Structures are given as structure tokens and as C-alpha cells.
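Order of the sequence lines sets the chain letters (A, B, ...), proteins ahead of strands, with each chain counted from 1. None of the values given here were measured: they were computed from a predicted structure.
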Amino acid sequence: MRYPFTSIEEKWQRRWEEDGLYFVEDFDARPKYYCLEMFPYPSGKLHMGHVRNYAIGDVVARFKTMRGFAVLHPMGWDAFGLPAENAAIKHGVHPRDWTWANIAFMREQLKKLGVGYDWRREFATCHPGYYRWTQWLFLRFYYHGLAYKKKAPVNWCPSCATVLANEQVVAGACERCKTPVTRRELAQWFLKITDYARRLLEDIEKLPGWPEKVRVMQENWIGRSEGAYVSFPVVDHPAEISVYTTRPDTLYGVTYMVLAPEHPLAEELTAPGCKEAVAAFVNRARALSELSRTAGEAEKEGLFIGAYCENRLTGERLPVFIANYVLMEYGTGAVMAVPAHDQRDFEFAKKYNLPVKVVIQPPGTELDPRTMTEAYVDEGVMVNSGPFSGMESEEGKKAVTAYLQERGWGGHQVTYRLRDWLISRQRYWGVPIPILYCAKCGTVPVPEEDLPVVLPYNVAFKPTGESPLKDCPEFVNATCPRCGGPASRETDTMDTFVCSSWYYFRYTSPREENGPWDRAKVGRWLPVDQYIGGVEHAILHLLYSRFFTKFLCDNGLVGYDEPFTNLLTQGMVLKDGAKMSKSKGNIVSPEEIMSKYGADTTRLFILFAAPPERDLEWSDQGVEGCARFLDRVWRIVSAVLPEVKKAAPPKKDLVGVNRELRRLTHVTIKKVTEDIERFNFNTAISAVMELVNGIYRFCDRVPQVDRDPGALREATETVAVLLAPFAPHISEELWERLGHRESIHRQPWPEYDPGLLVEERITVVVQINGKVRGRIMLPPAATPQEMQDEALREPRIRQLLMGKTMSKVVTVPGKLVNIVVK
RNA sequence: GCCGGAGUGGCGGAAUGGCAGACGCACGGGACUUAAAAUCCCGGGGAGCAAGGCUCCGUGUGGGUUCAAAUCCCACCUCCGGCACCA
């Protein structure tokens with residue numbers, strides 16, 4: 001028989017809401033704790049990944065509340081984005097109506113899950129009251145020169161009909177729809193995140209509370225490298241080609257130069273006879289998708305453009321090529337090719353029969369260009385390098401760089417892989433970029449007092465590759481705030497990651513009208529003490545948010561330069577070993593599970609089945625087991641209720657089974673407390689299960705006259721309290737039935753009594769040569785000598801030691817005795 | 001290729017130098033029942049034997065350190081994730 005979860009859950013959800021149980025005031029005497037889960041995109045319904053995310057967050061929030069913290073635990077909606085617009089195109093629903101309907105539905109689902117949010121703080125990023133401040137922040141970036149428009153080759157997703165940020169391109173394809181990305185030359189808005197590359201990298205050290213995995217991913221993404229820039233004068237032309245290299249020690253081994261096809265000098269330097277071929281090559285390379293140009297096995301292709309430049313160190317003339325393997329976006333868009341010591345250059349040189357010149361000799365062997373099958377890319381001793389010959393690579397790098405610097409031919413340089421963040425999107429359902437274009441005044445920012453630039457409701461949704469706002473005259477046509485003349489509005493909207501880069505500040509003062517947030521409230525709550533979400537945001541959202549926070553800190557808008565002190569990245573929810581997805585048809589819907597088993601069982605299973613960081617394999621039988629456990633709790637509490645309801649506190653001097661029950665209770669409190677602190681929810685729950693099993697055994701074996709009702713009451717109430725963060729409804733109901741008036745979620749977390757943890761007698765293992773050969777019972781305080789003596793008195797041990805020589809005895813107090821014999 | 005993480009019963013997982021397999025699932029036995037379900041209690045790593053208690057083997061593989069290794073060190077294998085022509 002199943003306990004009546006439906007009525008219990010409804011009853012308490014209603015009661016909690018009426019009582020405002022989860023409201024938290026901004027200022028009270030308790031220490032603060034900000035617990036935040038990544039807010040969802042309102043796609044329609046919650047999926048199991050959401051359930052996992054919010055169940056984990058709720059355990060943390062409830063636990064910290066019971067431990068005496070003022071816990072800020074809010075929820076909101078990352079509500080702009082493409083799916084809304086795609087739904088509009090497909091089903092003829094307006095993105096706004098679609099989004100708000102989804103929000104209403106998902107809010108109810110979260111409430112049914114029993115998550116304890118302060119719903120007064122809810123907001124959606126698509127509300128003008130919120131995006132007004134997104135625009136305001138954009139203008140702060142703009143005024144500091146960190147928001148700029150430039151024409152550049154950008155990633156274009158033909159299916160989404162919009163441009164994408166670098167971070168949104170995964171293996172050359174759109175991270176949303178997996179369509180291969182193409183390149184387009186477009187004028188687009190960027191945020192200058194590269195200005196913060198150094199600090200974003202260095203400050204990763206300030207994040208010991210983040211998973212190593214995420215920190216490494218960010219480090220790799222930012223991609224710092226140290227080297228030199230070197231300029232090469234072009235022969236018979238005033239221009240110089242500047243390159244970036246991490247191996248200035250190989251400068252004497254350069255045998256040719258390569259420009260990216262998009263390089264500004266490529267066309268200019270092309271000899272008259274080569275014009276046509278070069279133009280054709282450049283066009284071909286430009287049209288190629290990022291995928292085919294960069295993914296693995298793409299054959300290196302290039303073309304001599306008929307120009308030469310000079311290596312100032314050797315005086316050699318070097319032919320200039322354009323080639324598909326050089327990227328315009330990195331370094332200077334040009335490289336010096338050293339085939340002997342760079343694998344890419346080596347492959348290119350072999351294909352086009354270019355000379356290979358060895359300038360680094362590895363220790364022990366001698367390289368011969370004629371017999372080399374691959375480049376030697378490691379360090380060694382410089383050879384054929386003029387005055388630098390004989391130097392070690394490491395020393396040579398410094399010496400060559402210094403030499404270049406003295407002569408003005410180059411110098412030391414640090415380069416990052418990180419590129420500026422492209423935030424323009426040619427889509428309707430996003431924050432309008434608050435910029436005007438005036439024929440007289442040029443680019444003019446919308447004055448702050450005119451914000452928000454409101455997204456018009458009546459537009460036509462066609463995926464044309466241009467923003468639907470372009471066809472909306474009442475939006476486009478505006479007046480220039482500088483000269484009063486006619487102006488047109490920017491019609492691109494912002495990447496939704498802009499909206500989510502600052503939402504965690506807004507929860508502190510969600511209706512603030514005088515600024516994006518109330519400074520004092522942000523000071524009270526930030527930084528986020530515990531952030532919880534999927535690892536898929538390891539780079540995108542988390543890097544952008546760090547960038548925003550640093551910028552805001554520099555401008556005195558917040559007092560911290562890192563937003564998230566501790567980060568927990570949860571694993572995926574799998575079914576049959578694969579991520580749940582529509583296409584695989586292996587989706588388990590939270591609605592179905594919750595109506596069949598209730599929210600408490602659903603939460604309990606998802607927390608019990610695996611530790612939070614690890615992937616979780618869904619198991620219907622596992623859910624069944626958790627339901628059974630809660631039934632078991634329900635039954636035992638109901639059964640002992642008459643016995644314990646009026647019981648006095650447990651007597652101090654209990655012995656035997658009653659004391660044993662108290663010991664188990666306190667051991668469990670200790671274990672559950674420590675496990676929750678370490679996010680080991682699965683073992684915390686198993687400890688509660690053991691306590692419940694212990695109560696059952698106690699009731700099964702100890703006649704009622706011999707039971708101490710106080711000890712039994714303590715055990716029973718402890719089960720309810722320890723379960724409260726995991727299964728908030730059933731524990732609240734049991735708490736009430738046990739005679740309490742105040743919510744269980746307002747109770748202080750129980751303390752264990754260390755004096756009750758000790759056993760009267762413990763089992764000590766006796767080993768001979770590390771193998772268990774016997775067990776002895778001893779008081780826990782037995783000294784090593786007593787342990788050893790007792791072990792040696794054991795008949796079986798004596799028998800096994802017969803005729804052997806004891807060479808050593810190792811004792812671990814409270815644990816074991818190991819006798820080493822020869 | 002580089003960087004991370006993981007590998008333990010039939011399954012999810014526990015143990016971070018000290019009794020491997022907690023807890024749960026599945027399975028088996030018992031009690032209750034006319035019976036079944038539910039429930040409650042008990043039992044389950046493998047192999048061997050002179051079998052009811054003992055021996056041996058056992059945490060991906062092979063070596064090492066240690067009185068003692070799932071745990072620490074070295075080499076390798078497999079799976080998962082991230083990055084990947086970044087000069």
C-alpha cells in the first residue's frame with residue numbers, strides 16, 4: 001500500500017505558499033547563503049535534467065536554512081531565444097505568448113516538485129523590466145569601448161539563419177541544431193572579452209571551489225601562448241608581413257611564408273600574373289565551411305602569390321603563399337613556415353616541394369632533411385643559426401626575441417586563443433541592441449532615459465536571414481537623439497547569453513527601477529555561494545558571466561570580480577546508457593513519474609541513484625525502491641506514533657538495545673550531516689535507510705515493555721528531520737503527526753552527541769601477514785598492548801602461530817591487529 | 001594527437017592506506033494468507049574441499065612500494081567528455 005502522497009503534497013504546497021515559508025528578507029541577523037541553480041529556458045516542460053538540477057539545489061538550500069543561514073534561493077526564466085521564434089514560424093504562435101505560456105506551465109511543475117523558492121523574486125529575461133537593464137549594461141560596455149561593431153568573417157548557421165559566437169560552434173557545427181556552420185562577411189556587434197583574457201585566465205586560480213574539469217576547460221578555451229612577433233619586409237614593396245610564432249628559436253629555419261586567404265595583404269601583394277588564380281583560391285576558401293576547413297583530415301592547400309619577403313636574420317628571400325591551414329583569426333593571420341620543426345609546415349613543404357632546413361638538433365641524434373618523415377617539434381640545440389648556434393631552444397627563444405627587439409624587427413608577445421564575443425543575432429526574439437544609425441551623426445547609442453527599446457509585438461516571422469525587425473517600420477524609424485533628424489534602429493538583437501550573464505545579480509532586487517540592482521542588496525547576497533548546473537555551460541555561460549562580473553567590478557557596480565564561489569556540475573540523466581532525447585525515444589517524463597509516485601519519491605530516487613557530478617542511469621525499478629522506502633518510513637512512524645507521541649526525552653543512562661538505538665540515531669546524524677556538506681546525497685540517503693532499518697529491527701526484536709519511548713521518539717523524529725531536505729512533503733506531514741506545530745523546514749538541523757557514538761564493545765580484526773584470521777571483541781578504548789595481548793590469547797590465532805616466529809605486530813586502535821610472522 | 005574523468009558482484013553504487021561489495025535494485029529462502037499480491041524476517045562475489053567451516057582467488061591489465069593497496073607509484077588497455085591545422 002502506498003502512502004497518500006498526492007493529498008500530502010498538495011496540502012503542504014498550499015500551506016507553504018500561504019505561509020510564505022520560503023520567503024527570505026534581504027537583511028537579517030543570520031549569515032547569508034546564496035544558493036543558485038542555472039535558470040531554465042522555458043522550452044515547454046521540465047525534463048529530468050531540470051528535476052535533477054533543482055532537486056540538488058533544493059537539498060542544499062533547505063539544509064543551509066536548517067543550519068541557520070539566511071538562504072537566497074530564487075528562480076527565473078532565460079526566456080529569449082530561438083525555439084520561441086521557431087515555434088512561431090512552425091505553429092503560428094507569437095514567441096511572446098508561447099514563452100509566457102511555457103513559463104506558466106513550468107512554474108507549476110516546479111511548485112509540484114516542492115522546490116522551496118522565494119517566488120516573489122521571479123523574473124523573465126524577456127520582460128521589458130529586465131531587458132531594459134540588459135540594454136543599459138550594453139551601453140556601459142559601449143561607453144567603455146568594449147562593445148563595438150566590425151565587419152568580419154563570422155560563423156553563420158544556415159538552419160538557424162543567424163550568426164553564432166565562437167563558443168556556440170562545436171566541431172564546426174551549430175551547437176543547437178548541428179548544422180555545419182558556414183562563413184559570412186558581416187558587420188556585427190562584439191563585446192571585447194579579449195581585453196579580459198589575462199584576468200579571466202589568471203583568476204581561475206581564485207576558484208578552488210570549481211571542479212578541476214571546468215577550470216581546465218576554461219584555461220584551454222582562453223588558450224594563452226607565449227612567443228614573439230616578427231616582421232618580414234616584402235621585397236620590392238613597402239609593406240611588411242608580421243607573424244606570430246612560439247618558436248623564435250627556429251627563425252633561421254624559415255623557408256617560406258604563408259598568409260591566411262582573408263589576409264588584407266594577400267590581394268595587394270599578388271603579382272599581376274597570379275591575380276586570377278589567387279582570387280579563385282580565396283573565393284573557394286572563403287565559401288568553405290569552418291568544418292571542412294578545420295576538421296582534422298582536410299588536405300593542406302596553398303598557392304604561391306608571386307611575392308617574396310626577406311628574412312632579416314639570414315638575408316634569405318622567402319616565397320609568400322596563401323594557404324587554407326592558416327587562420328585569419330589567430331595571431332596576425334600570417335605565419336613563418338619552418339618545415340623542419342612544425343608538422344603542418346612539414347606536410348605543406350613536402351606537398352609543394354619546398355626546402356626543409358634543420359635548425360634544431362635533438363639530443364643524441366642528427367636530423368637529416370632528406371630522411372625526415374615528420375617534423376621535429378621538440379626542443380634541442382640550435383644549429384645553422386648564425387650567432388645563436390649552440391644555444392638550447394629555451395635560451396635561444398629569449399636571445400632571438402631580445403635581438404629582434406633591439407633592432408625593432410619584433411618582440412615578445414603573449415597571444416590568446418580567445419576571440420571577441422559576437423553578440424548580434426539576426427532574429428526577433430531577443431533584446432534589441434540599443435543603437436541608432438543617423439545619416440548625420442553616425443552610430444548613436446540610445447540615451448539611457450529612453451530605455452527600454454521595446455520589442456514590437458506585431459512582426460512577421462520568416463526565417464530569411466535578416467531580422468524580422470527590419471520589416472517593421474514603426475520599430476526601425478526613429479529620431480536621432482543628437483540632431484533630431486531621422487535615424488534607423490539597429491535591428492539585430494543580442495545573443496541570449498548576454499541576458500544570462502547578469503541575472504544572478506537581479507534576484508537580489510528583481511523590481512528595482514533605478515538601476516539594474518540595488519547595490520546594498522547585491523552587497524548582502526553576492527557572490528553566489530553555491531552554483532549548480534550542467535557542465536555544458538562550462539565555457540559559454542560561465543565564462544561570459546565571469547567577464548561581466550569583472551567588468552562590473554571595474555566600474556564599481558559590484559564589489560566582487562568572481563560571481564560564483566563554488567560550482568557543482570551535475571551529470572546527465574541517461575536511459576539505457578544514452579542521454580534522453582526525442583530522437584532516441586528514451587525520454588522519461590517527470591510529469592508521469594511524479595503523478596505515479598509523487599514528488600518526494602522522484603526527488604529521492606534522482607538523488608539516491610548516483611552522486612550529483614556523475615551521470616545517472618534512470619531505472620524504473622530504482623524509483624519503485626525509493627517509493628517502497630518512503631512507504632516503509634510512513635508505516636513505521638504510523639506504527640510507533642501512539643507509543644512515542646507523548647514520550648519524554650530519552651533517559652541519559654540507557655543501556656543495551658535502547659542505548660544501541662540512540663547510538664545509531666546519532667551516528668546517522670553525523671553521517672548525513674557530513675555527507676550533505678560534501679554533496680554525497682546518495683550515501684546520506686542510504687544512512688537514513690539504515691536508521692529506518694534499525695528502527696524496524698528494534699521494534700521487531702525488543703518487546704514494548706523494554707523499549708525506552710524517548711529513544712524511539714528521538715530515532716523517529718530524526719528520520720523525519722534528516723529526510724526533510726530530500727523529501728520535504730512526507731517529512732513535513734510526519735512531523736506534524738508527531739505533534740509539532742512549526743514547520744519541519746524551520747527546525748534547526750540536529751546535532752549529534754559525541755558521547756553517544758561510542759560502542760560498548762567493538763570488533764577488532766586479527767590478521768596474520770595481512771590476512772584476516774580472527775575477530776576479537778574489545779572495549780573501544782583498549783590500548784595497543786591490550787589489543788595485542790587479547791589477540792594472542794585467541795585460541796585460533798595461537799594455533800596458527802604455532803612454530804612461527806613473530807617478527808612484528810602492528811596495531812591500529814579500534815580497528816585491527818596485524819601479526820607479521822616468518 | 002593533447003587535456004580531463006572513469007573502470008569494483010547480475011545491475012545502480014559504497015569504501016581514498018586497515019574486515020572489499022554499505023544502501024538500493026534484481027534474485028533465493030522463511031513467516032503471514034485458502035491462495036496470490038503487499039508486508040515483515042533472513043540469505044546472496046567466485047572457486048575448491050577431507051563441505052556447515054576452512055583454504056585459495058577476486059576492485060580493467062602487468063609490475064612496484066607497504067605489516068597492510070580498490071585506495072599510493074610506474075607502464076599499459078578500454079570507455080566517456082572537452083579541445084583539436086591556434087603557428
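Here B/U55 presents its P atom at 13 Å from CD of A/Q767, a figure rounded to the nearest Å. Rounded to whole Å, the distance from CG on A/L691 to P on B/G24 is 12 Å. Look at CD1 on A/I685: it is 11 Å from C1' on B/G24, rounded to the nearest Å. Between A/D620 atom CG and B/C25 atom C1' the separation is 12 Å, expressed in whole Å. Rounded to a whole Å, the CG atom of A/N693 is 13 Å from the C1' atom of B/C42.
Under the Watson-Crick or G-U wobble criterion, with both distances below 3.5 Å, B/U65 has no partner in any strand shown. Remark: B/C49 base-pairs with B/G53; criterion is Watson-Crick or G-U wobble with both hydrogen-bond distances under 3.5 Å. Here B/G28 sits opposite B/C42 as a Watson-Crick or G-U wobble pair (both hydrogen-bonding atom distances under 3.5 Å).
Glycosidic conformation, B/G44: syn, with the torsion inside 90° of 0.
One C1' atom belongs to B/G60, the other to B/C56, and the distance between them is 22 Å to the nearest Å. B/G45 and B/U34 have their P atoms separated by 35 Å, given to the nearest Å. Between the C1' atoms of B/C40 and B/U78, the separation comes to 45 Å (whole Å). Between B/U65 and B/G17, the two C1' atoms lie 12 Å apart (nearest whole Å). On the C1' atoms, B/A70 is 9 Å away from B/U16, given to the nearest whole Å.
When the nucleotides B/C3, B/C56, B/C67 are ranked by their closest atom to the side chain of A/N220, B/C3 comes out on top. The A/M689 side chain lies nearest to B/C23 when the options are B/A14, B/C23, B/C25. Listed nucleotides: B/C19, B/G4, B/G24. Nearest to the side chain of A/K213: B/G4. Distance from the side chain of A/R614 is smallest for B/G13 among the nucleotides B/G18, B/G13, B/A87.
Using a 4.0 Å heavy-atom cutoff across all strands shown, A/E617 reaches no nucleic acid atom at all. A/S619 comes within contact range of no nucleotide atom at all, as no heavy-atom separation falls under 4.0 Å.
A cation-pi contact, defined as under 6.0 Å to the ring centre and within 45° of the axis, is absent between A/R603 and A/F726.
Two rings, from A/Y244 and A/Y229, have their centers 6.0 Å or more apart.
Counting distance only, with no hydrogens placed and no angle test, the side-chain atoms of A/N818 and the base atoms of B/C67 include a donor-acceptor pair under 3.5 Å. For a distance-only test at 3.5 Å, the side chain of A/K808 fails to qualify as a donor-acceptor partner of the base of B/C67. Side-chain atoms of A/R775 and base atoms of B/C19 include a donor and an acceptor less than 3.5 Å apart.
Between A/N682 and B/A14 there is a side-chain polar atom (N or O) within less than 4.0 angstrom of OP1 or OP2.
With the nearest nucleotide of RNA chain B identified for both A/G625 and A/G770, A/G625 has the one nearer the 5' end.
Under a cut-off of 6.0 angstrom, the local environment of NZ in A/K351 is crowded, with over 12 non-hydrogen atoms contributed by other residues, nucleotides or ligands.
We find the CG-OG1 distance between A/D342 and A/T250 to be 8.0 Å, quoted to the nearest 0.5 Å.
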